[in-house]
2 protein chains.
Amino acid sequence: MTKKEKGMRSHCPVNYGLEMFGDRWALLILRDIIFRGKRTYGEFLKSEEGFSTNILASRLENLINAGILQRSKDKDDGRKDIYSVTEKGLDLIPVIFEIVLWSAKYDAESQAKRIPRLVELIDKDNRSLSKSVREKVKRGEAIVKDYLD
Amino acid sequence: MTKKEKGMRSHCPVNYGLEMFGDRWALLILRDIIFRGKRTYGEFLKSEEGFSTNILASRLENLINAGILQRSKDKDDGRKDIYSVTEKGLDLIPVIFEIVLWSAKYDAESQAKRIPRLVELIDKDNRSLSKSVREKVKRGEAIVKDYLD
DNA sequence: TAGATTACTTGCATATTGCAAGTTAATATG
DNA sequence: CATATTAACTTGCAATATGCAAGTAATCTA
């Protein structure tokens, strides 16, 4: 039984999600990987929201313990670790997309305005878009750049 | 400019969502209203995850400031306040449903197992289900009971 | 082999959380 | 009408989490 499971408040499905990624940082790491193709600690650190080094380290650990991320060594540079998304993590793409859609609707200054075609596709068919995005992420491709107008 | 907007880390749509409801409590309040038809402070307090009174009060305030909930007086009992979901809050139903779907898949002990028909409907067509659930929530109906087998 | 670079860890001040108890206003009871 | 309950908080305080700056170990680079 993992640390998370021991402290689980309930097995309500909403709560389970909150226990796994319900904080102000975890989904930003997934965003960085999925939308922007980032894969190393140093790349995450550069995110505009400004991770503290200790917070980033703890969140990476949490996500690995949750089975959402996995860590491996960079073959070409032994100093680097590569973080990638597991199948369980890839299944969060539809969740993230729904959040994007909601924010695009309600944040007047949303950066989502830079990717109107992507927002439109999410709105039309989140599931099938998620499926194709999943394959791109598996290949290590960033997806935002494909939709910048 | 609200407190939240002043402290906004970025206008990335993923981040905007996290700023609004990215903690371990906010979505539980929405769950209580949407799935269980709760509407008062005292009802939220009884949730199995165990809100502290101060945390519940602060989260209700945050959600009102975020435009997701609204507060009104109970006509029949002047001691009670009624919390209800705004249109902006109702638009979070698809987000919550995707979380439910993900948790149903990965939490072996998920309570989602008690509502397999609902999970199936989310999987088939989140959007159209969300639309009909939205109307039920507006009428103050709880939805979980409809799907308990 | 001296200097970067990467991925952390550590220390410490501040902020947030969680638990218990107290407060205020409205309603129910005798 | 006086008293007890109830509802929705607020307050105090200890414990935990966060944020910033600095430090460290392993690996590359010149």
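Each chain gets a letter, A, B and so on, in the order the sequences are listed, and its residues count up from 1. Quick note: numbers below take in every heavy atom, side chains included, and nothing from hydrogens, waters or symmetry partners.
Contact check on E98(B) versus R127(A) returns a salt bridge, with a Lys/Arg side-chain nitrogen under 4.0 Å from an Asp/Glu carboxylate oxygen. Residues R24(B) and E19(A) are paired through a salt bridge, judged by an N-O separation under 4.0 Å between the basic side chain and the carboxylate. A salt bridge links K124(A) with E120(A): the closest approach of a Lys/Arg side-chain nitrogen to an acidic carboxylate oxygen falls below 4.0 angstrom.
For Y83(A), a side-chain nitrogen or oxygen approaches OP1 or OP2 of dC8(C) to under 4.0 Å. Dashed line: the shortest gap from a side-chain N or O of R71(A) to OP1 or OP2 of dA7(C) is not under 4.0 Å. At dT16(C), none of the side-chain N or O atoms of W25(B) fall inside 4.0 Å of OP1 or OP2 (strictly under the cut-off).
Closest to the R79(B) side chain, of the nucleotides dC19(C), dC9(D), dT6(D), is dT6(D). Nearest to the side-chain atoms of I55(B) among the listed nucleotides dA8(D), dT17(C), dT5(C) stands dT17(C).
Base contact: N54(B) has a heavy atom under 4.0 Å from a base atom. Among the protein residues, S58(A) comes within range of no part of the nucleic acid, since none of its heavy atoms lies under 4.0 Å from any strand.
Ring pair F21(A)/W102(B) is perpendicular by interplanar angle, where above 60° counts as perpendicular and below 30° as parallel.
Within 3.5 Å, no donor on the side chain of T40(A) pairs with an acceptor on the base of dT6(C), nor the reverse.
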